[in-house]
Number of protein chains: 2
Amino acid sequence: MKNTSLDKTDKAILKMLQQDCTLSVSEIAERVALTTTPCWKRIQRLEQQNIISKRVALLKPQNIGLDLVVVVMIKTSNHESTWLEKFAEHAASFDEVVEFYRLSGIYDYMLKVIVPDMSSFDVFYKKLVAKVNIAEVTSSFAMEQIKYTTALPIK
Amino acid sequence: MKNTSLDKTDKAILKMLQQDCTLSVSEIAERVALTTTPCWKRIQRLEQQNIISKRVALLKPQNIGLDLVVVVMIKTSNHESTWLEKFAEHAASFDEVVEFYRLSGIYDYMLKVIVPDMSSFDVFYKKLVAKVNIAEVTSSFAMEQIKYTTALPIK
DNA sequence: GTTGAAACGTATCTACC
DNA sequence: GGTAGATACGTTTCAAC
């Protein structure tokens with residue numbers, strides 16, 4: 001999907017939907033000073049262009065007993081592409097791994113892991129490193145979540 | 001909001017809504033072998049209990065020109081609580097900062113930053129560090145996003 | 001872009017089993 | 001947990017401007 005230029009109205013619509021996708025078309029239309037029909041067409045287009053990729057429910061982790069966020073930084077000892085692929089597939093397969101990036105810089109990978117508690121993390125961690133040979137792993141526990149948003153910064 | 005026990009059906013509903021919140025109540029009901037009314041009541045309850053906190057649209061960053069994810073790890077030189085609060089407030093105020101944690105371990109803070117490109121990051125970075133005194137900052141650029149999900153691991 | 005309206009489906013809520 | 005049903009609301013589409 002190629003990059004598409006968005007006008008001011010598109011951006012305003014996206015900002016709203018990023019905060020709350022239960023807003024009705026007529027409500028959104030009103031806020032951007034349009035009527036429902038053109039507003040509805042814009043939203044359809046944004047979905048077809050895959051700019052809006054999905055609509056999801058966000059859960060409060062604390063309210064379902066998921067209290068621990070862990071940032072795992074990894075240095076690999078093996079830099080063969082087949083090994084890397086296998087590792088990536090292995091790590092990504094865990095539900096507990098909610099984010100996973102290959103990085104430039106000192107560390108090769110960063111994982112964000114969500115688990116109920118420390119002992120669950122221990123279980124997860126053992127499974128993560130069981131199959132693979134990793135040079136260095138640093139797990140940092142989140143003492144406080146200062147900010148978390150799924151809303152992308154639209155200028 | 002206190003922790004509530006969820007039965008198998010609640011969990012199944014949450015898993016679905018974490019993937020796609022446009023599913024109709026009747027569709028969800030069918031999949032969990034319920035009729036619409038009790039299923040609807042469960043969803044209402046999950047919202048009232050703030051287990052479902054919000055419903056949002058997720059955008060494809062690449063399709064709106066946001067191609068760069070940066071992981072910023074920070075060590076602070078000042079550990080006074082007033083300073084920390086001020087710094088946290090300052091950093092969290094940027095739209096580009098989509099996640100922000102205070103950590104245990106070597107680094108004090110981790111920020112996840114999303115920007116269009118390197119030069120935008122540079123602008124952001126200068127603004128971030130302009131006002132505050134930080135001992136050490138390490139910015140790692142995401143070469144590859146291997147996994148990103150908003151779905152929490154419900155067991 | 002706009003208005004207005006029709007057609008349709010779904011959500012919501014009630015009453016009752 | 002279940003059914004049935006009434007209402008209200010949102011979406012979706014169309015015609016005409």
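Chain letters run A, B, ... following the sequence lines, proteins first and then strands; every chain starts at 1. Values in this document were obtained by computation on a predicted structure and should not be read as measured data. Reckoned from all heavy atoms, side chains included, excluding hydrogens, waters and symmetry mates.
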Measure [atom1]/[X] against [atom2]/[N] and give the value in whole Å, please.
{"X": "B:Ile28", "N": "C:dT10", "atom1": "CD1", "atom2": "C1'", "value": "12 Å"}
{"X": "A:Lys41", "N": "D:dA15", "atom1": "NZ", "atom2": "P", "value": "12 Å"}
{"X": "A:Glu27", "N": "D:dG10", "atom1": "CD", "atom2": "P", "value": "9 Å"}
{"X": "B:Arg55", "N": "C:dA11", "atom1": "CZ", "atom2": "C1'", "value": "11 Å"}
{"X": "B:Glu30", "N": "D:dG2", "atom1": "CD", "atom2": "P", "value": "13 Å"}
{"X": "B:Glu47", "N": "C:dC13", "atom1": "CD", "atom2": "P", "value": "11 Å"}

Problem - Intermediate values then yes/no, side chain to side chain donor-acceptor pair (under 3.5 Å), A:Ser119 and A:Asp122 - result: CA-CA 5 Å; A:Ser119 65; A:Asp122 195 42; over 6 Å; no
Practice task
Indicate whether any N or O donor in one side chain lies under 3.5 Å from an N or O acceptor in the other, for A:Ser26 and A:Ser24.
Solution key: yes
Handout entry: Under-4.0 Å side-chain N/O to phosphate OP1/OP2 contact, B:Trp40 with C:dA11
Key = no
Practice task
Tell me whether the OP1 or OP2 atom of D:dT13 has a side-chain N or O from A:Gln44 closer than 4.0 Å.
Solution key: no
Exercise for the section: Would you classify A:Ala33 as touching base, sugar-phosphate or nothing, given that sugar-phosphate means primed atoms plus P, OP1 and OP2, and contacts are heavy atoms under 4.0 Å? Expected result: sugar-phosphate
Considering only [options], which nucleotide approaches the side chain of [X] most closely?
{"X": "A:Ser24", "options": "D:dG10, D:dC14, C:dA11", "answer": "D:dG10"}
{"X": "A:Leu34", "options": "D:dT12, D:dG2, C:dT2", "answer": "C:dT2"}
{"X": "A:Thr37", "options": "C:dC13, D:dT13, D:dT11", "answer": "D:dT13"}

Practice task
State whether the number of non-hydrogen atoms from other residues, nucleotides or ligands found under 6.0 Å of B:Lys147 atom NZ is greater than 12.
Solution key: yes
Exercise for the section: Take the angle between the ring planes of B:Tyr109 and B:Phe100 and call it parallel below 30°, perpendicular above 60°, tilted in between. Expected result: tilted
